[in-house]
Chemist: 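Encoded as structure tokens, here's the structure I'll be asking about.
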Amino acid sequence: MTEVHSKVPVDSGNILDLFNRAKPVRVCAPMVRYSKLAFRCLVRKYDCDVCFTPMIIAADFMRSAKARDSEFTTNKTDRPLIVQFAAKDAQTLADAASVVSPFSDGVDLNCGCPQRWAMSEGYGACLINKPELVKDMVRHVRNQIDNPNYTVSVKIRIHKDMRKTVDLCQKVEAAGVSWVTVHGRTADERHQPVHYDAIKTIKDSLSIPVIANGDIKSMQDVEAIYELTGVDGVMAARGLLANPAMFAGYEETPLQCVWDWVDIAVEHGTPFTCFHHHLIYMLERISSQPERRVFNSLSSTSAVIDYLHSTYGSA
């Protein structure tokens with residue numbers, strides 16, 4: 001294994017201490033294909049407090065060493081780190097947690113993915129309708145991991161009937177969950193406005209930390225949602241893809257951040273498609289349509305670097 005992929009046990013203390021500050025904890029969401037090690041390194045340079053891995057299917061992870069090596073890469077600077085799993089039975093989740101616990105600060109159970117394939121397999125958002133199972137999964141991980149500072153969290157969507165969501169959250173709180181992340185939409189909603197009132201209701205009904213997720217695109221959004229809901233943290237996905245420096249207060253991606261991504265991606269051997277896609281997101285707000293057309297058609301790392309130098313100059 002290369003240094004980039006080395007998995008060295010690191011004790012980074014108790015992640016829950018972050019929630020004791022007088023400002024919201026800033027979290028990078030689990031994003032399929034995108035919240036991988038190189039991108040996590042980038043957002044950590046710009047005031048992101050906690051990063052999530054992309055969602056990993058726990059059963060596949062336990063079945064295959066190849067899956068373990070390709071799905072989970074980290075290094076000693078990649079902390080605090082939460083590994084997110086999709087799971088539907090308690091023992092598989094607990095076993096997967098045991099494998100990653102020496103190299104991470106916690107595991108998160110995905111109870112929010114609304115994609116049809118996930119729900120048909122018994123993963124993701126369908127779990128919000130199985131509170132006893134979710135409670136059992138949380139308890140199993142708690143019982144199997146010796147480290148009392150290791151966190152077990154869940155990421156959920158909301159029900160149309162908020163009483164069901166509050167009931168689910170109170171059940172997992174009783175089972176020992178460390179915090180709950182709430183994406184303020186139902187499993188059927190995609191681009192509808194986020195129900196911040198629902199997130200506030202959940203926060204008011206629990207004594208553990210709550211993280212708000214959904215449509216957080218700037219630090220103004222972070223502050224507004226913090227004021228509106230009283231949550232303990234905020235999680236961003238597309239907002240960070242478009243501007244990885246968002247949590248540091250930048251309105252749009254600064255040129256330094258673009259060049260930081262080039263350096264990190266080259267150092268990590270990031271595949272070209274992933275390297276290019278991230279830059280397409282980052283440059284969208286700061287480039288014209290003709291510029292985007294040219295940039296999007298580039299097909300090699302050297303062509304991208306030449307284009308960035310000639311169009312934007314050095315940082």
Side-chain angles (χ1 to χ4, degrees), residues 7-21 23-31 35 37 40 43-44 48-56 58 61 71-72 74 76-87 90-113 127-128 131 133-156 168-183 199 202-203 206-213 231-237:
K7 296 179 182 136
V8 182
V10 177
D11 179 15
S12 51
N14 189 345
I15 194 172
L16 290 171
D17 290 344
L18 288 172
F19 292 104
N20 295 329
R21 304 176 310 181
K23 58 183 182 180
V25 178
R26 293 161 293 196
V27 184
C28 175
M31 292 179 275
S35 62
L37 176 60
R40 298 195 300 265
V43 295
R44 289 184 195 281
C48 184
D49 297 313
V50 179
C51 291
F52 276 56
T53 68
M55 180 182 81
I56 299 168
F61 189 76
E71 295 280 335
F72 180 58
T74 188
K76 59 183 181 294
T77 63
D78 184 30
R79 306 298 284 268
L81 179 66
I82 305 298
V83 183
Q84 192 190 62
F85 285 110
Q91 194 56 54
T92 304
L93 178 63
D95 290 344
S98 295
V99 172
V100 300
S101 64
F103 318 105
S104 59
D105 299 276
V107 290
D108 184 82
L109 174 63
N110 184 315
C111 302
C113 179
L127 290 173
I128 64 172
L133 174 58
V134 175
K135 194 169 91 172
D136 193 36
M137 288 200 269
V138 168
R139 196 173 280 140
H140 256 74
V141 176
R142 268 271 164 266
N143 291 342
Q144 196 154 317
I145 304 289
D146 288 336
N147 179 358
N149 290 337
Y150 197 73
T151 65
V152 188
S153 54
V154 296
K155 184 172 187 289
I156 65 168
L168 166 69
C169 291
Q170 289 176 337
K171 281 186 165 133
V172 295
E173 179 178 38
V177 87
S178 306
W179 74 75
V180 176
T181 301
V182 184
H183 184 114
I199 298 176
I202 292 164
K203 172 59 193 165
L206 301 177
S207 53
I208 51 170
V210 173
I211 295 173
N213 174 225
V231 290
D232 307 274
V234 290
M235 176 185 282

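On a predicted model such as this, the values are computed, not experimentally measured, just so you know.
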Chemist: Of all residues at least two apart in sequence or in a different chain, which pass the side-chain contact (heavy atoms from CB on, under 4.5 Å) check with Ala212?
Modeler: Ile199, Ile225, Val231

Chemist: Could you pull out all residues at least two apart from Asp232 that satisfy salt bridge (charged side-chain N to carboxylate O under 4.0 Å, His left out)?
Modeler: Lys203

Chemist: Nearest 0.5 angstrom please: Leu93 CG to Asp108 CG, how far?
Modeler: 9.5 Å

Chemist: So with a 6.0 Å cut-off around CG of Asn20, is the heavy-atom count from everything else above 12?
Modeler: yes

Chemist: Could you list the residues that satisfy side chain to side chain donor-acceptor pair (under 3.5 Å) with Ser101, not counting sequence neighbours?
Modeler: none

Chemist: Quick one: CE on Met235 to CD1 on Ile211, what's the gap to the nearest 0.5 Å?
Modeler: 5.5 Å

Chemist: Which distance, rounded to the nearest 0.5 Å, do you find between the CZ of Arg142 and the OH of Tyr150?
Modeler: 10.5 Å

Chemist: What verdict does the side chain to side chain contact (heavy atoms under 4.5 Å, CB included) test give for Phe19 and Ile208, after you've listed the backbone C-alpha separation in whole Å, the side-chain angles of each residue and the deciding distance to 0.1 Å?
Modeler: CA-CA 10 Å; Phe19 292 104; Ile208 51 170; over 6 Å; no

Chemist: Taking ring-ring contact (aromatic ring centres under 6.0 Å, His included) as the definition, give me every residue that meets it alongside Phe85, ordered by chain and number, with sequence neighbours left out.
Modeler: Phe61

Chemist: Can you measure from CG (Asn143) to CG (Asp146) and round to the nearest 0.5 angstrom?
Modeler: 10.5 Å

Chemist: Nearest 0.5 angstrom please: Ser98 OG to His140 NE2, how far?
Modeler: 11.0 Å

Chemist: Is there a side chain to side chain contact (heavy atoms under 4.5 Å, CB included) between Asp95 and Gln144? Walk through the geometry before answering.
Modeler: CA-CA 8 Å; Asp95 290 344; Gln144 196 154 317; 2.9 Å; yes

Chemist: Using side-chain contact (heavy atoms from CB on, under 4.5 Å) as the criterion, list what pairs up with Ala236, not counting sequence neighbours.
Modeler: Ile216, Leu240, Met246, Phe247

Chemist: Between Val134 and Cys111, what is the shortest heavy-atom contact and its length?
Modeler: CG2-SG, 4.1 Å

Chemist: Sequence neighbours excluded, which residues qualify as salt bridge (charged side-chain N to carboxylate O under 4.0 Å, His left out) partners of Lys171?
Modeler: Glu132, Asp167

Chemist: Closest approach of Met55 and Ala86, non-hydrogen atoms and distance?
Modeler: SD-CB, 3.6 Å

Chemist: Any salt bridge between Asp49 and Arg21, counting N to O under 4.0 Å?
Modeler: yes

Chemist: Considering non-hydrogen atoms only, spot the tightest contact between Ile202 and Val210 and give its length.
Modeler: CG2-CG2, 4.4 Å

Chemist: Between atom CD of Glu71 and atom CD1 of Ile56, what is the distance when rounded to the nearest 0.5 Å?
Modeler: 5.5 Å

Chemist: Side chain of Arg26, backbone of Val234: donor and acceptor closer than 3.5 Å?
Modeler: no

Chemist: On a heavy-atom basis, which atom in Ala94 and which in Val141 lie closest, and how many Å separate them?
Modeler: CA-CG2, 3.9 Å

Chemist: Checking Asn110 now: which residues fulfil side chain to side chain donor-acceptor pair (under 3.5 Å) with it, not counting sequence neighbours?
Modeler: Gln84

Chemist: Check side-chain contact (heavy atoms from CB on, under 4.5 Å) between Thr151 and all other residues, then give those that pass, not counting sequence neighbours.
Modeler: Ile15, Leu16, Ile82, Ser178, Trp179

Chemist: Where do Ala90 and Met137 come nearest, in terms of heavy atoms and distance?
Modeler: CA-CG, 3.6 Å

Chemist: I'd like to check the side chain to side chain donor-acceptor pair (under 3.5 Å) partners of Arg139; sequence neighbours left out, ordered by chain and number.
Modeler: none

Chemist: Quick one: side chain to side chain donor-acceptor pair (under 3.5 Å) partners of Asp78, sequence neighbours excluded?
Modeler: Arg40, Arg44, Thr74

Chemist: Contact between Pro80 and Leu18 at the side-chain level, heavy atoms closer than 4.5 Å - yes or no?
Modeler: yes

Chemist: Between Thr53 and Ser35, which heavy-atom pair has the shortest distance, and what is it?
Modeler: C-OG, 3.3 Å

Chemist: Using the side-chain contact (heavy atoms from CB on, under 4.5 Å) criterion, which residues pair with Gln170? Sequence neighbours excluded.
Modeler: Val166, Ser205, Leu206

